[in-house]
Amino acid sequence: MLKYFSGERRLPSLSDITGSQRLAMLLTLMVVAYISWKIGQSAQQTLQFAFNGVSVGAVYALLAMGFTMVYGTVWFFDLAFGAAAAMGAYGVFYLRSSEALQVGQFEVQNVYLNVVMAAVVTGVIGWVLYTWLYPPLRKRISPSVLLVIGALLTIGAGIYMFVLLSFPDDLNEILSPLIGGMVAGAAAMVLSRVYSRGLLGTRNLTPLVVVIGTGALVLGAFCGLLVARTPGSSLYLSWGVSSLLAGSVGLALYRGLYMYMRRKARSPLIMLVASLGVLLAITAFFTIIFQSAPRPLPDAFGSNSWEIGGARIKPFNVFSIGVAFTAFAALVLLLKRTSFGKAVRAISDDEEVAKVVGINTTAIIAIVFFIGATLAGLAGLLSGHDTAIQPRMGLLLLLKGWIASVVGGIGNIYGAIVGGFMLGLVENYGIWDLAGEWKDAIAFMLLILFLAFWPKGLLPRR
Amino acid sequence: MLRNLQVYSTLTQPFRDPWGFLKERSRNPELWINLVVIGGAVLFLLSKGTGFAITVGTVFAIWAILAVSLNLVVGFTGLMSVAHIGFFGVGAYSMAILTSDPLYEQLRSETIPTFALPFFAALPVSMVMAGLVAVAMGSILNRFRDDIFVLVSFGFAIISFNVFLNWRELTRGAFGIHAIARPAIGGWEADGKLEFLLVALVFLGIVMLITWFIVSSSFGRVLTAIREDEQAIQVYGYRAAHYKMAVWVLSAMLAGLAGGLFASWTSFIDPNSFILLESILMVAIVILGGLATIWGSLLGALVFVLLEEGMRFVPFIPTEHIGQGRQIVLGILLVLLMLFRPQGLVGRYKL
Amino acid sequence: MTGSETEMYGPFALETTELSKHFDAVKAVDRLTISIPKAGMTSIVGPNGSGKSTLVNLLSGMLPIDGGMVIIDSVGLKVVKAYDTPSHGLTRTFQEVRLFEQISVWDNLMVVLTTRKWFSALMERDKPSYKEKTVEILKSVGLWEKRLDLALNLSYGQRKLLEIGRALAMDVQILLFDEPFAGLFPQMLEQVKSILKDMKAQGRTIIFISHNMDIVRELSDRIFVLDSGELLAEGDVEEVLSSAAVIEAYLGV
């Protein structure tokens, strides 16, 4: 497997093979035999089940990545990710209810919810500004001025969020300045990188700055206007908004709750139970606001599906697989190539030492939670588009993500994606000969099988 | 003997010397928790009248049996199991299948086996069935610890729900089973609400006695040691796996008893009573009341039952949201407890 | 071979033959063959990471054996199960004290005295004989006043004493002490020493690990020196400790 490809280990000789590996080989053989038998039965069906499996597998993989990352860093499973998943799905529903439902069917707008979410965003933005910008800038600008500016920015962000949530019909117009600004900023960064290399010798920087500035501004304005003029973009924007909202809640939960708890927690169970409490409370809160009945999400890429080799797959499922792999690639880059990744690894090895070395452990862990919850939110909304949403969906999704991360090898990001897709496939092939209602039972059977024979998962953490 | 005398004197102190007792204990939050919960219960019952008291009392008794049985596993042995709803369900379905009225059942579309046994003949079978299921589950669960144990027990809760829902030849799936027998001895039948409450309370008493018998024995002490350090107790010659399995099965049998009682009380069951969420609530009750005390589980069940009624007094909560409101309160309580009181309200074991 | 017991061996309290344990590539205990005679005090010394604690863990069944055999009281075992060791007459203490934290000191001692079989334990209440034994041990280790406290409220030294008391309460002939003297104040050190001496006087076999050479010299009748999982030297204390090889291993000259 992967570790053999990396060249760090020699290939195993026959005598190295242990009992569990033999069992693994036997099982692999059985799976191959089963699948070839099934292909013989109906190749088209086999492909269809594979498509279905990979489609849900993408959702599980996203969740598992979040889980495994958090578990690998702080060694506890945050069950509140289930709430984050539900939040991702209901965020889209909330922002796009006019498309998802007939008008007047069910009044979704809820001022209290807007206030709560705005408060969470305010807190998170305030924390970000205070943690990253305040310490370096404090030396140059007087702290009081900085604090006032920071407070204004923070409150502004909160009000912005409130407005955004209160007028979801104009989502694209409200977000357009933000998008424009972000594009402009990104363009300015890229351009200055590109040009500073070629013109490093130039003395006079003014023309360069003017060129870059105008270029970035024009690009930003263009993008902003484009977004503002295309109401159809609202759905895609709402994906970003709701998954980031879920992420913010994850971060706020860590910074506001888990951090204090971890200081005196004696066992992982304390954290587990606390996050279970959070999950219970948020799920019930959602049930009150959105009622318990299943709801649809608006169609994303049309309902007609593509036909490949006689089997059908919806464009949206292809999209969600793409999202899973993109997220995976981004996470791998983030964890293996950046100083952030190094810090995460240091914390997972020994938090105290990492702190002594000068790593801001609170900030790093908070980001880990943010990323994990964002991925969970993404997974929730993807699964919501695929089927329907329900306040209780979080718990089952969460368990599937948990299983996938354990099956893949807990704490290993490669394991998460492998485990996610594997779980999806096993679930779907499992219901070929059984009734579809047994899906969840099959998933847990897989988990039990794995824990019994490979407690460390497919790709154990090194 | 000496110890028993001590227990006796601490038990009777509040009656012999109430002021001294209050003074001595006034710094101990447990006293105030007890007073507030029991006071609240009494106030509710007084304000709502007997009919209400009987219903709430029966619900309380069934939850309390469940909580006490789960506390054996969670509080005394330290195994955070979310799977107990499965045993509750097995008990309930055994009772339903064994006692449901064949004449009534034959009128319905799908036929399931009927036996028409009386309640008291079916109850032991319920317990044994739950115990048998527990043996199978326990042999797998016994391998795991801490958070993986929790995950696998989640799995068993979901698997058992799936079985209740999909094994239609036995459970009739989502349609449920009707006409489940009430407890009856000779000519007397507990068909009224008050009679059933009495039966439930008697069973609660029996379950408390059994639990007390377990935890006050040498066996109980070994359980607490397993909870604290499973490897270390093995070095002293105890086979922890046997002990864990034994307490797991005993606790499952008590949960099965609660299930049988529940089925008989509602006289209709369907899989919706045995969803995962109920199991989580059960664990929440045990933690809320107090880990590793029998009294704590009673208190937890009392708080849980009264919370629902208490929500009715909060002005701006509409009636249909009361169940959800209780869940929110319970969730927040769990978080607060984990922060400030990891042993639960009156517990003897901190998570 | 499925059964763990094979045949009867010689008159030693504890023997190992070719005992091995490795963690991945690291050989913690490497084909170790030692024989510890009955009665008296035996010490096991060695630099950090020389496999002393691993040896004790193997002997007490806390770790699975990779190769070789352990012979406890003339019974050869290829697989040592932790829960079987007391019936072979062996008990141990831990380097990092492992008490049952959230139960009282009293229960910490009572728990090692009661019936082992679960069903008889379920039917059993505290017998007077257990209580008497507990009282006796509590008094002998000086924790009588603390008997109602939770174990987690004890000080470091008291925790060590309680654990030693627990081993004492076990009615066995072979006692393994993993670093019983580490981190103790002089007064408690004396107390632990005298407890060990008392046990020796009762004719029990005492094996302890220590880094403190003064105590090793003072107490032990026989010494084993381990280095990198192998036996470096064994025999009389003074002789071994003054040999060149041992000094080299310790000082790394």
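Residue numbering restarts at 1 for every chain, and letters A, B, ... go by the order of the sequence lines.
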What heavy-atom pair brings [X] and [Y] nearest, and what distance separates the two atoms?
X	Y	answer
B:Asp147	A:Trp402	O-CZ2, 3.6 Å
B:Asn162	A:Ala441	ND2-N, 3.8 Å
B:Leu351	A:Ser267	C-OG, 3.7 Å
A:Ala284	B:Ile328	CB-CG1, 3.5 Å
B:Gln327	A:Thr283	NE2-CB, 4.4 Å
B:Pro342	A:Ile270	CB-CD1, 3.8 Å

Considering only heavy atoms, which portion of [X] lies under 4.5 Å from any heavy atom of chain B: side chain, backbone, both, or neither?
X	answer
A:Tyr258	neither
A:Leu395	side chain
A:Val406	side chain
A:Leu396	side chain

Nearest-0.5 Å distance, [atom1] of residue [X] to [atom2] of residue [Y]:
X	Y	atom1	atom2	answer
B:Asp146	A:Phe76	CG	CZ	14.0 Å
A:Ile289	B:Gln324	CD1	CD	11.5 Å
A:Leu280	B:Arg326	CG	CZ	11.5 Å
B:Ile140	A:Met445	CD1	CE	7.5 Å
B:Ile159	A:Phe444	CD1	CZ	7.5 Å
A:Ile448	B:Arg143	CD1	CZ	10.5 Å

Candidates A:Val273, A:Leu272, A:Leu276 - the one meeting side chain to side chain contact (heavy atoms under 4.5 Å, CB included) with B:Val150:
A:Leu272

Find the one option among A:Asp440, A:Leu399, A:Leu447 whose heavy-atom pairs under 4.5 Å with chain B are most numerous.
A:Leu399

